[in-house]
Amino acid sequence: MKKIIVTGALGQIGSELTVKLRDIYGEDNVLATDIRKPEDICGPFELLDVTDAKKMYELSKDFEADTMIHMAALLSATAEKNPLFAWNLNMGGLMNALEVSRELDLQFFTPSSIGAFGPSTPKDNTPQDTLQRPTTMYGVNKVAGELLCDYYFNRFGVDTRGVRFPGLISYATPPGGGTTDYAVDIYYKAVEQGRYTSYIAEGTYMDMMYMPDALQAIVNLMEADGSKLKHRNAFNISAMSFEPSQIAAEIKKHIPSFKMDYTVDPVRQAIADSWPNAIDSSAAVEEWGFKADFDLEKMTIDMLEKLKVKLNQKAIS
Ligand code: SER
């Protein structure tokens with residue numbers, strides 16, 4: 001990775017990934033693109049709707065990119081509200097990004113998700129290679145995307161790589177329209193109001209990861225020796241698995257008066273119920289040395305500290 005174009009650079013992952021890539025590879029070597037303009041422009045930025053193949057090609061060529069990091073996509077709950085739009089954006093954008101990578105010989109990264117699994121997938125210690133019959137449009141997009149990335153590697157030799165991300169938690173950019181978002185909202189509400197109403201039911205386990213570990217995983221996978229990768233795309237990676245009462249208990253250690261109740265959202269609950277409880281990351285560990293530094297305890301300390309500063313509030317205790 002020397003000259004990198006990032007799509008969806010203002011999104012949940014893209015906004016922090018762009019900063020990290022610029023720290024490592026140099027500000028002028030990372031072109032951030034998104035469908036909307038950033039509030040403050042620093043570093044190279046271009047407007048790009050990922051369904052516009054011609055503009056994506058021209059921007060990549062003019063920038064002399066050698067790497068495409070394709071992040072632009074709709075998350076699970078939003079995709080469920082508008083499945084046709086999700087198909088057109090998620091699949092149209094991915095096809096354009098893969099084609100540009102083929103034409104310009106770019107190394108390629110795009111994330112898949114725990115959403116690529118479905119109710120018939122083994123729920124615990126979910127294997128790297130297993131049944132994938134997702135019941136959401138997001139999941140259908142992710143499975144098709146995993147297959148397309150494998151296809152572009154096998155058929156055209158494009159150096160495609162990817163991971164299945166779990167729910168990602170960060171104090172920087174809030175997620176939008178995901179099922180795992182509760183695990184971010186809960187920290188904001190804990191600091192701001194000392195209480196939280198969870199839309200996910202008690203006992204619903206999902207995989208999660210703190211954003212710094214997710215960003216490092218992208219860099220490590222892209223820098224890994226390609227000859228050692230047996231899977232290339234869609235590596236299971238997870239840092240922790242918890243259910244709402246466990247994250248609440250962890251927050252309570254720091255904010256003793258914190259209270260949580262539940263008003264379950266049937267749409268997002270059904271999505272969560274169709275996903276694994278905890279996936280097995282061992283292929284990623286073996287093939288490119290994946291590791292996560294943050295568990296629930298360490299992440300909670302960092303999230304609360306950073307949010308108190310960000311939200312300019314003293315802890316409710
Ligand atoms: N965080 C994503 C979502 O909830 C999962 O990939 O949609």
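Each ligand, and each atom within it, is numbered from 1 in the order the structure gives. Since the structure is predicted, the reported quantities are computational estimates derived from the model, not experimental observations.
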Taking atom 7 (O) of ligand 1 as the reference point, the nearest protein heavy atom with its distance: Ser76 OG, 2.6 Å

Modelled atom types, side-chain donor and acceptor of Asp129 and His231, under 3.5 Å: yes

Atom 1 (N) of ligand 1 [closest protein heavy-atom partner, distance rounded to 0.1 Å]: Thr180 OG1, 2.8 Å

Any Trp275 heavy atom less than 4.0 Å from ligand 1: yes

Ligand-residue contact atoms, ligand 1 with Gly178, heavy atoms, under 4.0 Å: 3 (C), 4 (O), 7 (O)

Enclosure of Glu27 CD (heavy-atom neighbours >12, cutoff 6.0 Å): yes

Ligand 1 atoms in contact with Leu75 (distance to a heavy atom under 4.0 Å): 2 (C), 7 (O)

Pi-cation contact, Tyr196 with Lys259 (under 6.0 Å, within 45°): no

Carboxylate-amine/guanidinium contact Asp28 Arg22, below 4.0 Å: no

Heavy atom of the protein closest to atom 6 (O) of ligand 1 (residue, atom name, distance): Ser113 OG, 2.6 Å

Single hit among Tyr187, Tyr210, Phe294 for side chain to side chain contact (heavy atoms under 4.5 Å, CB included) with Thr300: Tyr187

Glu99 and Arg102 ion-paired at < 4.0 Å: yes

Nearest-contact summary for atom 4 (O) of ligand 1 - protein heavy atom, Å: Thr179 N, 2.6 Å

Sub-3.5 Å N/O-N/O distance, Asp181 and ligand 1: no

